[in-house]
Amino acid sequence: MSSTFLRCLANLCLVFSFSQCAVDEKTESPIKVDPISFVDPFIGTGFHGHTFPGPTLPYGMVQLSPDTRLPGWDASSGYHYSDSTIYGFSHTHLSGTGIGDMGDILLLPYTGAETTSLIASFEKETEVASAGYYSVDLANYGVKAELTVTQRTGMHRYTYPTSSEQKLSIDLGHILQANWGHKSLEGEIEIVDDKTIKGKRRSSGWAHDHPVFFYAQFSTPFEVIQAKDGEKLIENASLLGKDLQVSLLFPDNDQQIVLVKVGISSVSEAGAQANLEAENPDWNFETIREKAIEEWRNALSKIAIQSTNESVLKNFYTALYHTMVAPMVAQDVDGQYRGMDKQIHQATPGFTNYTVFSLWDTFRALHPLTSIIDQKRTGEWVAALLQKYEEGGVLPKWPLASNYTGTMIGYPAASVIADAILKGIGDIDPKQALEATVYSSEYHPETIAQLAEPRASRLMPKHFDYIAKMKYIPADSVQLSVSYGLECAYYDFCISRIALAAGNKDLAEKYARRSLYY
């Protein structure tokens, strides 16, 4: 993502404004450009791009997209362009990562008999994806599926063939990246009434403890026709199971269309319900779609470019679109969120919790870009990173759904924090930032022991100890020693600048010296 974006930057004249234009080669007169028309979410879904085509909002909590692939590296986003079958449509996904996770709360409309494995087939020419919208025809079931989103909810519109039984599968045991250790731990569904269900799903994978609560409403009454835990049939009265899958029938629907609204939360079912009622109280699919389009139009209008080449416009605005998929909001409408300590917190006014900080991948280009075009967001991100330090005891490298993953090298949060402080972005306390970055740059086995994380030892590896004792990282003791040495030297330079901002000359000098240890 970043390399594509930077290549575009190198070849384009950029104008930061809220209006877009391209120059007609023949008339030299301005041609109005709507950035929405140049976003192609299919870009990056092939080869090893690991992006997904389904709708989300800028930094949205829901990423509603088809899952076409489960195991393997190219299943990281749940979708690969070369596939021709769909397991269903789940509400959370990762974009552009090298490890897969998410895929929570999978829905699949179908017709016909219940089979051991419900999988839909589709033809590529029936797929449509744009900012805030996705649709596809499920060939073997004859169902047209359409998706759109709000920030915390997904909305489905399923058009069934005439004279068919209208059915829907809800799969809480569905997982992505099975061969990376991702597994379902528990699923639960409660029938609230004949148009409403609620429940939760908890999984363990890259995020080792990942609960997702949901609240779903249907436009027409349903009845439960089958419930399974894996291959074992279970009673409808106790819809519990590690691999829970429930099938619904809409018996009295004279219309071909079934609408489904799903709110999610990392806090509670009540939080998921509140999110749904606040963001999508009605049943107008087109209204939600238009709101999503308009939100993307406003976000992408932060940069205007001039070009007569349609491919350049498409590459640029699609790359810009992908820069706004993550980090993701991870907080309910009432301000509650699950912290790094696994406790439920109430956000203070003005604070927004975020997750999916791919920091080693993003500190070089994504965060500097955002610090130019969206300084308010940058300030929110730094506040969220510092809050994760307060809750978990150390700055995260790659936080995922309130979990430390310990993925990648060093302590890249220092770079993002220093950049914001030196640019005067946000209400950041330099002393708090200095405390967090210094502590995270040292080896603290006692902190590792206190963290209830299976990968805690990766948060502060012993290479920190070598930096302090030997002033270099020996290759015969630490793998990737050169990368660790260069990365940590740069982060130490960033800490020295934070120390100057905090008025601590001693630490500024110490970390300036450490920055030369490469």
Side-chain angles (χ1 to χ4, degrees), residues 54-65 89-94 102-107 132-133 147-157 170 172 187-193 195-203 207 210-219 259-285 287-292 294-296 299 324-339 342-356 377 380 384 400-402:
T56 187
L57 289 188
Y59 318 104
M61 199 161 85
V62 167
Q63 308 83 36
L64 180 54
S65 191
F89 308 101
S90 63
H91 290 75
T92 61
H93 292 88
L94 295 171
M102 305 287 204
D104 298 291
I105 324 301
L106 183 85
L107 273 58
Y133 176 77
L147 312 173
T148 190
V149 292
T150 70
Q151 189 173 80
R152 298 172 178 87
T153 79
M155 192 169 192
H156 310 238
R157 181 165 64 187
I170 304 171
L172 302 188
E188 178 179 349
I189 286 178
E190 179 183 338
I191 308 301
V192 178
D193 55 46
K195 288 187 177 181
T196 311
I197 67 172
K198 63 181 179 179
K200 68 177 180 180
R201 167 261 185 58
R202 191 164 66 91
S203 64
H210 183 197
V212 176
F213 301 87
F214 71 96
Y215 191 89
Q217 294 180 322
F218 301 83
S219 61
L259 296 172
V260 189
K261 302 185 298 184
V262 182
I264 68 168
S265 168
S266 64
V267 174
S268 65
E269 294 165 357
Q273 180 180 356
N275 291 340
L276 182 61
E277 292 173 349
E279 294 186 357
N280 193 358
D282 301 315
W283 290 98
N284 195 318
F285 183 93
T287 296
I288 297 300
R289 179 185 176 183
E290 286 301 319
K291 287 181 178 178
E294 190 59 27
E295 188 159 342
W296 273 114
M324 298 179 181
V325 173
M328 305 162 182
V329 169
Q331 181 171 302
D332 291 346
V333 291
D334 63 0
Q336 288 195 320
Y337 68 94
R338 185 176 298 272
K342 307 294 191 275
Q343 302 301 307
I344 304 305
H345 297 263
Q346 180 65 49
T348 57
F351 176 80
T352 302
N353 187 53
Y354 288 85
T355 189
V356 185
R377 190 84 56 175
E380 291 177 347
L400 175 58
S402 300

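Start at 1 with the first residue, then count along the sequence.
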Using the side chain to side chain contact (heavy atoms under 4.5 Å, CB included) criterion, which residues pair with A216? Sequence neighbours excluded.
I197, F214, F218, V262
Minimum heavy-atom separation for G154 and H91, please, with both atom names.
CA-CD2, 4.2 Å
Would you say the side chain of T92 lies within less than 4.5 Å of the side chain of M328, judging by non-hydrogen atoms?
no
Those residues that, when tested against D332, pass side chain to side chain donor-acceptor pair (under 3.5 Å) (two or more places apart):
S265, N275
Who are the side chain to side chain contact (heavy atoms under 4.5 Å, CB included) partners of Q217, not counting sequence neighbours?
T196, Y215, K261, L276, W283
Name all residues meeting the salt bridge (charged side-chain N to carboxylate O under 4.0 Å, His left out) criterion together with K200; count only those two or more places apart in sequence or in a different chain, and write none if there are none.
E186
Taking the side chain as everything from C-beta on, heavy atoms only, tell me whether V260 gets closer than 4.5 Å to L107.
yes
Residues in side chain to side chain donor-acceptor pair (under 3.5 Å) contact with E294, at least two apart in sequence or another chain
R297
N280 and I288, any side-chain heavy atoms less than 4.5 Å apart
yes
Tell me every residue that passes side chain to side chain contact (heavy atoms under 4.5 Å, CB included) with K342, counting only those two or more places apart in sequence or in another chain.
H208, D209, N403, E453
Distance (rounded to the nearest 0.5 Å) between D282 CG and L259 CG:
11.5 Å
For R289, what residues pass the salt bridge (charged side-chain N to carboxylate O under 4.0 Å, His left out) criterion, not counting sequence neighbours?
E286
Could you pull out all residues at least two apart from E290 that satisfy side chain to side chain donor-acceptor pair (under 3.5 Å)?
none
Holding to side chain to side chain donor-acceptor pair (under 3.5 Å), I want the full list of residues that pass it with R152, two or more places apart in sequence or in another chain.
E279
Listed by chain and number, what are the ring-ring contact (aromatic ring centres under 6.0 Å, His included) partners of H210, not counting sequence neighbours?
none
Would you call K198 and E269 a side-chain contact if the rule is heavy atoms closer than 4.5 Å?
yes
Applying ring-ring contact (aromatic ring centres under 6.0 Å, His included), name anything that partners F213, two or more places apart in sequence or on another chain.
none
Applying side chain to side chain contact (heavy atoms under 4.5 Å, CB included), can you list everything that pairs with E380, at least two apart in sequence or on another chain?
T352, Y354, K376, R377
Answer whether the closest heavy-atom distance between the side chains of I170 and L106 falls below 4.5 Å.
no
If I compare all heavy atoms of P55 with all of G132, which pair ends up nearest, and what's the gap?
CB-C, 3.4 Å
Minimum heavy-atom separation for T153 to G263, with atom names?
CG2-CA, 4.0 Å
